[in-house]
Amino acid sequence: MKSFYITTAIDYVNGSPHLGHAYEKVLTDVIARFRRQMGDQVHFLTGADEHGQKVQASAKKLGVDAQKYVDETSAVFRALYDRLGVSYDDFIRTTEPRHKQVVRAILQQLFDKGEIYQAEYKGFYSTRQEQFLQEKDRNPDGTWPEIFGEVTEIVEANYFFKLRQYQDWLIGFLTENENFIFPRFRQKQVLEFLKEPLNDLCISRPKERLEWGIPLPFDENYVTYVWFDALLNYYSAVAEKGLWPADWNVIGKDILVPPHAVYWPIMLKACGLPPPKGLLVHGWWLQSGAKMSKSKGDAVNPLELVDEFGVDAFRYFLIREMNVGQDSEFTREQFLVRYNSELANNLGNLVNRTLNMTTRFAGGVLPAAEAAEEPEKELRALWEKTRDECIPLAEGFQFHTALERTMAFVTATNAYIEKRAPWKLGKSAEPREQALLRTSLATMAEALRLAVALIQHVTPSTTEKINGVLGYAPGTDWREELVWGAKLDGAKVAGALVLFPRPAPAGKPPATS
RNA sequence: GCCAGAGUAGCUCAGUGGUAGAGCAGAGGACUCAUAAGCCUUUGGUCGCCGGUUCAAUCCCGGCCUCUGGCACCA
């Protein structure tokens with residue numbers, strides 16, 4: 001069995017989870033579920049980044065222990081992912097001993113190898129903001145903005161990682177591995193970035209300024225800062241399982257350059273470890289109309305849609321609407337369009353009318369198909385085409401297109417029903433018409449079963465519910481489940497099921513005032 | 001400024017060197033198993049602008065315009 005290790009970025013838990021956090025986990029989950037269906041041995045890692053200045057400050061402000069603070073905030077993120085049906089196998093927290101151990105071991109190893117050295121850094125420091133400033137922070141006239149308060153030039157000793165000496169290696173690696181970063185155009189951006197010489201990477205903070213971190217093993221007066229802590233989670237979580245390298249590190253475009261595309265491969269190289277096999281870089285959800293929506297009383301926080309319309313509707317929208325790698329607009333209006341036309345009217349209604357007709361015309365037991373005439377042959381041919389297109393699409397992360405194709409098949413199934421008009425056949429006692437009735441009921445149910453099997457990784461609970469009302473227990477071999485057959489013969493179906501109730505009034509957001 | 005992405009029907013987006021596509025919205029119709037759903041038909045676009053290559057460009061090349069994002073070690 002092929003092993004498949006995939007990770008999300010770990011979230012910085014100083015704040016509340018938002019749409020961007022949710023999307024990345026759902027996207028990764030869809031990939032993980034798809035790979036499992038394809039037969040891979042999947043290991044899916046997500047987690048939380050829990051160290052750093054902001055966490056330390058927030059905890060202090062609340063007067064609680066930093067560990068207690070992250071225990072709570074981290075749990076909020078994790079609860080959201082559980083709610084969204086994210087099927088992670090492991091949730092790593094950077095404050096866990098298993099992580100700290102690995103980070104310290106690697107830092108020591110690199111220090112021993114001479115990859116880390118101490119040097120003095122001179123710069124302008126803002127006491128109020130507790131940070132060093134850059135030239136670009138200055139006002140045009142050379143003064144410092146008000147928010148920084150008093151700015152002084154200070155000198156501080158710190159530890160640096162020899163990033164620079166790996167620059168040529170990295171350029172060579174990226175040139176040879178054109179598909180390291182998905183989508184490809186992102187890789188070009190990285191190579192552009194690498195045209196400028198890199199500086200070595202400062203990896204420490206003195207404990208007087210930051211104590212909430214992992215102490216450097218070779219100098220306990222410092223903690224390690226950000227990247228040697230956070231990035232290493234992908235490795236530390238599986239160091240003992242022998243799963244490294246990851247097949248994909250899934251990240252947002254904001255943390256590609258330089259952290260994941262530059263620091264991360266170089267850190268691994270310096271440790272003698274292989275880089276991940278790929279970086280999957282997704283875009284952002286834009287909410288330019290958010291303010292306007294707020295004034296109209298619409299849901300401001302997209303996550304509220306989960307409570308209102310259900311997990312699968314939310315997952316479906318995220319995957320259907322976003323072309324992986326690009327940005328997308330998130331609006332409640334667009335969500336409702338997808339929800340109403342695709343989930344409620346097209347798929348949901350197909351479920352309900354199938355159950356109703358089977359109950360009314362066949363006593364709730366699905367008959368066997370008897371004839372395969374043109375309409376049946378056409379639908380089946382379209383199914384085979386759809387399935388054969390969707391699998392490669394999903395393999396290439398083109399889930400939005402795959403969903404579109406699947407919905408087109410559902411539409412064709414609805415059209416098939418119109419063509420056969422079982423409600424007319426049901427009124428006839430003619431043997432031929434009765435046979436056609438049985439065939440049409442069997443055909444629509446089989447088409448429905450196949451369609452929801454094909455979107456199972458996007459809408460797992462919906463698929464499960466529909467299988468349930470069809471009286472069907474799917475087998476373990478997903479590819480086998482996608483074969484048009486007679487799996488539902490004799491199945492006892494439920495009377496009715498409204499899966500995606502239309503919000504009232506139709507098409508309009510409910511008034512909240 | 002540099003780099004990248006995007007500019008195609010009212011909206012969201014596909015797409016190909018050879019007379020432009022889908023979904024939604026709009027219009028009309030037949031039906032009734034169904035979530036006032038579904039089905040059929042249909043209106044609608046000089047494919048950002050200007051040049052070039054080509055027998056032929058929305059798709060290739062050059063220039064320009066507009067929008068979005070990035071431009072590091074947040075030391």
Side-chain angles (χ1 to χ4, degrees), chain A residues 52-54 121-126 129 131-137 154 156 158 160-161 163-164 183-196 198-205 209 225-227 253-259 261-263 283-284 286 288 320-321 323 325-329 331 333-334 336-338 340-361 398 400-401 404-405 407-408 410-426 437 440-441 444 496-507:
Chain A
Q53 191 114 45
K54 286 178 184 166
Y121 178 83
K122 191 165 80 171
F124 292 94
Y125 187 76
S126 158
Q129 292 292 319
Q131 66 171 240
F132 276 88
L133 306 176
Q134 293 178 278
E135 285 307 311
K136 70 174 182 185
D137 292 324
I154 66 173
E156 187 174 289
N158 262 309
F160 291 80
F161 170 57
L163 204 64
R164 178 77 175 269
R184 248 193 202 186
F185 73 85
R186 295 281 175 207
Q187 185 133 341
K188 289 187 206 155
Q189 288 185 341
V190 177
L191 284 167
E192 284 298 322
F193 175 81
L194 289 170
K195 285 179 180 169
E196 296 295 319
L198 292 169
N199 294 326
D200 287 343
L201 178 66
C202 179
I203 59 159
S204 66
R205 291 291 184 279
R209 284 210 287 124
Y225 184 67
V226 185
W227 302 117
K253 64 180 185 178
D254 52 319
I255 52 172
L256 176 65
V257 184
V262 180
Y263 304 158
W284 285 352
L286 309 173
S288 50
R320 172 70 182 88
E321 194 72 8
N323 182 343
Q326 307 221 333
D327 293 345
S328 268
E329 193 78 30
T331 64
E333 288 70 26
Q334 185 66 7
L336 284 171
V337 165
R338 295 286 184 208
N340 282 325
S341 68
E342 299 181 12
L343 291 179
N345 297 349
N346 202 22
L347 176 61
N349 188 47
L350 172 63
V351 172
N352 210 29
R353 66 199 305 212
T354 300
L355 298 181
N356 261 287
M357 283 189 273
T358 305
T359 300
R360 185 183 295 210
F361 302 122
Q398 303 299 297
H400 64 304
T401 311
E404 184 188 28
R405 300 282 159 81
M407 277 301 153
V410 173
T411 295
T413 303
N414 274 314
Y416 164 81
I417 294 173
E418 301 291 332
K419 202 174 286 177
R420 280 306 189 199
W423 49 92
K424 283 182 187 164
L425 299 171
L437 172 62
S440 62
L441 291 173
M444 73 176 80
L497 173 69
V498 175
L499 269 180
F500 301 103
R502 284 180 61 103

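In what follows, chains are A, B, ... by sequence order, proteins preceding strands, each numbered from 1. The basis for the numbers below is simple: all heavy atoms, side chains too, and nothing from hydrogens, waters or symmetry mates.
Under the 4.5 Å side-chain criterion, counting only non-hydrogen atoms from C-beta, A:E333 is not in contact with A:V337. Residues A:N323 and A:Q398 meet the side-chain proximity criterion, which asks for heavy atoms closer than 4.5 Å. Using a 4.5 Å cut-off on side-chain heavy atoms (C-beta onward), A:E342 and A:F500 make no contact. A:Q334 is not listed as a side-chain neighbour of A:S328, based on a closest heavy-atom distance of 4.5 Å or more.
Taking only side-chain nitrogens and oxygens, A:N323 comes nearer than 4.0 Å to OP1 or OP2 of B:A14.
Taking atom P on both B:G21 and B:G15, the two are 15 Å apart, rounded to the nearest angstrom. Of the P atoms belonging to B:C2 and B:C64, the separation is 9 Å, rounded to the nearest Å. Nucleotides B:C55 and B:U16 are separated by 24 Å at their P atoms, to the nearest Å. The same atom, C1', is picked in B:G10 and in B:G26; the two are 9 Å apart, to the nearest Å.
B:C39 atom C1' lies 11 Å from atom NZ of A:K424, rounded to whole Å. Atom P of nucleotide B:A72 and atom NZ of A:K253 are separated by 16 Å, given to the nearest angstrom. Atom CG in A:L499 sits about 17 Å away from atom P in B:A34, given to the nearest Å. A:R338 places its CZ atom 25 Å from the P atom of B:U35, with the value rounded to the nearest Å.
Using a 4.0 Å heavy-atom cutoff across all strands shown, A:A415 reaches sugar-phosphate atoms only and no base atom. Residue contacts for A:F193: at a heavy-atom cut-off of 4.0 Å it reaches a base atom on one of the strands shown. Counting any heavy atom pair closer than 4.0 Å across all strands shown, A:I203 reaches no nucleic acid atom. Within the 4.0 angstrom heavy-atom criterion, no nucleotide atom of any strand lies near A:G123. Among the atoms of the strands shown, none is found under 4.0 Å from any heavy atom of A:T354. If you check every strand for non-hydrogen atoms under 4.0 Å, A:E156 touches a base. Within 4.0 Å (heavy atoms only), A:V337 reaches sugar-phosphate atoms of the nucleic acid but no base atom.
The side chain of A:R360 approaches B:C33 more closely than any other nucleotide in the set B:C74, B:A72, B:C33. Distance from the side chain of A:S341 is smallest to B:C24 among B:C24, B:C39, B:G70. Picking from B:G69, B:C33, B:U12 the nucleotide with the shortest atom distance to the side chain of A:Q334 gives B:U12. Of all nucleotides listed (B:G38, B:A72, B:U12), B:G38 comes nearest to the side chain of A:N345. The side chain of A:R502 has B:A37 as its nearest neighbour among B:A37, B:C73, B:C33. Side-chain proximity of A:W423 to B:U35, B:A37, B:C33: nearest is B:C33. Closest approach to the A:V498 side chain among B:U35, B:G23, B:G69 is made by B:U35 (side chain taken as heavy atoms from C-beta onward).
Paired runs in RNA chain B that reach 3 or more consecutive Watson-Crick or G-U pairs, where each pair keeps both distances under 3.5 Å, cover B:1-7 with B:65-71, B:10-13 with B:21-24, B:26-29 with B:39-42, B:48-52 with B:60-64.
Closest of all the heavy-atom pairs between A:M444 and A:Y416 is N-CE2, 4.3 Å. The nearest pair of heavy atoms linking A:K253 to A:G283 is CD-CA, 4.4 Å.
Along RNA chain B, the nucleotide nearest A:E404 and the nucleotide nearest A:N346 are compared for position; the residue whose nucleotide lies closer to the 5' end is A:E404. Along RNA chain B, the nucleotide nearest to A:L343 and the one nearest to A:V257 differ in position, and the one closer to the 5' end is contacted by A:L343.
Listed by chain and residue number, A:Q189 satisfy the side chain to side chain donor-acceptor pair (under 3.5 Å) test with A:R186 (two or more places apart in sequence, or in another chain).
Counting distance only, with no hydrogens placed and no angle test, the side-chain atoms of A:N349 and the base atoms of B:A34 include a donor-acceptor pair under 3.5 Å. In this model, no side-chain donor or acceptor of A:N414 finds a partner on the base of B:C39 within 3.5 Å.
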Quick one: which protein N/O atoms are closer than 3.5 Å to N/O atoms of nucleotides 1-7 of chain B? Pair and distance per line, please.
from: B:A4; atom 1: O2'; to: A:Q189; atom 2: NE2; distance (Å): 3.1

